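From a predicted model like this one, the values you see are computed outputs, not experimental measurements. We count ligands from 1, going down the list as the structure has it; atoms in each ligand are counted the same way.
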Amino acid sequence: MKTLYKGLALALAVILFASFFGCAASKTPTLDKIKKAGKLVMLTNAAFPPFEYLGDDNNVAGVDADIAAAIAAELGVKLEIIDMDFDGIIMAVQSGKGDLGVAGMTATEERAKSVDFSVDYVSTTQMIIVPQGSPIKTAEDLSGKNVGVQLGTTGDLFATDYIEGAEISRFKTGSDAGIALANGQIDAIVIDAMPADQIVAANAGLVLLDEPLTEEQYAIAIKKGNDDLKEVVNKVLEKLLKDGTVDALIEKHMAAAAN
Ligand code: ARG
C-alpha cells in the first residue's frame with residue numbers, strides 16, 4: 001500500500017512538473033520569437049487585387065503586403081510572404097506556418113473560433129458580376145443559375161447558403177472565375193467589391209450589379225493567444241487607418257493592379 005501511494009505521489013509530481021514547464025514554454029512571447037527569427041511571416045493568397053496580387057517582379061504586392069511591411073518595420077524585422085490557397089490560410093495560422101494571415105480576410109464568427117482577429121481595416125460587401133445584357137438583375141435572379149466563387153471565401157458561403165437552387169462553381173482564384181464568366185461557362189460571380197472591380201476591368205463584356213449583398217470587415221488573422229503580436233498589429237493598423245494610409249494604399253493598388 002505504501003509503495004502505491006509513493007508511486008502515485010511521484011506520478012503526480014511528474015505531471016505537475018511537466019505541465020508547469022509545458023505552460024512556461026508555450027508562454028514565450030511571440031514577439032521574442034519573431035525578433036529572434038528576424039522575420040515576420042505573412043500568409044496570403046496573391047490572387048485578390050488590390051489587396052494581394054503578383055507585381056511585375058513576380059513578388060506579392062498589394063495593400064495587405066504594404067500593411068504587413070509596416071508591421072514588420074515596427075518590429076524591426078524583415079517581411080516574408082507565403083502565397084498559398086486561400087482556404088488553407090486559417091489552418092496555417094493555427095499551426096504556426098506563419099505569424100499573420102493577411103488576405104483581405106473577412107472576420108467571421110466561424111473563423112474567430114479558430115483564430116484571433118485584429119481590429120477591422122476595411123469595410124466592404126459581396127457583389128455580383130454578370131455578362132453585359134444578362135437577364136440577372138438582382139440576387140434573386142441567381143436562383144437556379146451557375147454561380148462562380150472563390151473556394152472557401154465569404155462569397156462561396158453567401159452563394160451556398162442564400163441562393164436557392166444555384167449550382168456553385170468553386171474556383172481557385174477570382175480571376176479564374178472572371179475568365180470562365182467571360183467565356184460563358186458560368187452565369188455570374190459573387191465576390192468582394194474591390195476584386196470585382198478588377199475582374200470587370202480585366203475582362204471585356206462584364207458588368208457589376210449595383211446591389212450590395214453583405215456587410216463585412218477585413219481583419220488580420222493571428223494565432224489564438226498571440227496577444228503581444230496582436231497588440232502591435234492593432235497599433236500599426238490604427239495608425240495607418242487614422243492617417244489615411246489604408247485609403248491611399250487602396251487607391252494606389254487599385255490603379256497598379258489594373259495595369
Ligand atoms: N473576403 C473574402 C473572405 O474572407 C475573400 C478573401 C479572399 N482573399 C484572397 N486573398 N484570395 O472570405
Side-chain angles (χ1 to χ4, degrees), residues 41-55 58-69 79-94 97-129 147-163 168-180 188-200 202 208 212-222 237 246 249-250 253-254 256-257:
V41 180
M42 157 180 166
L43 305 169
T44 197
N45 166 254
F48 198 67
F51 293 94
E52 38 269 336
Y53 55 97
L54 295 179
N58 237 25
N59 283 329
V60 178
V63 176
D64 287 338
D66 286 347
I67 290 174
L79 176 67
E80 181 182 312
I81 302 179
I82 300 180
D83 185 12
M84 58 185 294
D85 287 345
F86 181 75
D87 68 331
I89 294 176
I90 294 275
M91 254 181 52
V93 168
Q94 268 186 308
K97 182 172 186 210
D99 303 301
L100 304 175
V102 201
M105 186 182 286
T106 303
T108 66
E109 272 176 35
E110 192 55 34
R111 290 171 181 163
K113 290 180 190 161
S114 309
V115 293
D116 278 350
F117 280 110
S118 69
V119 294
D120 301 334
Y121 65 97
V122 168
S123 278
T124 190
T125 174
Q126 296 296 309
M127 297 295 283
I128 300 170
I129 310 175
V147 180
V149 298
Q150 186 184 14
L151 174 71
T153 60
T154 45
D156 186 352
L157 286 179
F158 178 86
T160 307
D161 293 349
Y162 295 108
I163 304 173
I168 315 287
S169 296
R170 298 186 173 84
F171 294 86
K172 247 193 170 161
T173 68
S175 69
D176 289 348
I179 293 164
I189 297 174
V190 173
I191 194 164
D192 302 50
M194 286 176 253
D197 283 336
Q198 298 277 335
I199 289 171
V200 168
L208 214 57
L213 302 178
T214 59
E215 264 177 38
E216 37 197 283
Q217 273 75 38
Y218 295 166
I220 295 179
I222 305 162
L237 276 177
V246 173
L249 287 176
I250 289 172
H253 288 290
M254 278 299 273

Is [X] in polar range of ligand 1, meaning some N or O pair under 3.5 Å apart?
X	result
Gln150	yes
Gly104	yes
Thr154	yes
Thr106	yes
Ala103	yes

- Query: With respect to Phe86, which candidate in Thr44, Leu43, Asn45 satisfies the side-chain contact (heavy atoms from CB on, under 4.5 Å) definition?
  - Reply: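 Only one of Thr44, Leu43, Asn45 forms a side-chain contact (heavy atoms from CB on, under 4.5 Å) with Phe86, namely Asn45.
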For the pair [X] (side chain) and [Y] (backbone), establish whether a donor and an acceptor sit closer than 3.5 Å, ignoring hydrogens and angles.
X	Y	value
Gln198	Met254	yes
Asp64	Gly104	yes
Asp99	Val41	yes
Thr153	Asp156	yes
Arg111	Thr106	yes

- Task: State the atoms of ligand 1, each with its element, that fall below the 4.0 Å cut-off from a heavy-atom position in Tyr218.
- Result: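 Reading through ligand 1 atom by atom, the close ones are 1 (N).
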- Item | Those atoms of ligand 1 less than 4.0 Å from some heavy atom in Asp192 | 1 (N), 2 (C), 5 (C)
- Query: Between Met194 and Pro50, which heavy-atom pair has the shortest distance, and what is it?
  - Reply: CB-CD, 3.7 Å
- Has Phe51 got any heavy atom lying under 4.0 angstrom from an atom of ligand 1? no
- Query: Among Asn45, Asp83, Leu151, which residue places a heavy atom closest to atom 11 (N) of ligand 1?
  - Reply: Asn45
- Message: Heavy atoms only, cut-off 4.0 Å: how does Arg111 contact ligand 1, side chain, backbone, both, or neither?
- Response: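 For Arg111, the contact with ligand 1 is made by the side chain alone.
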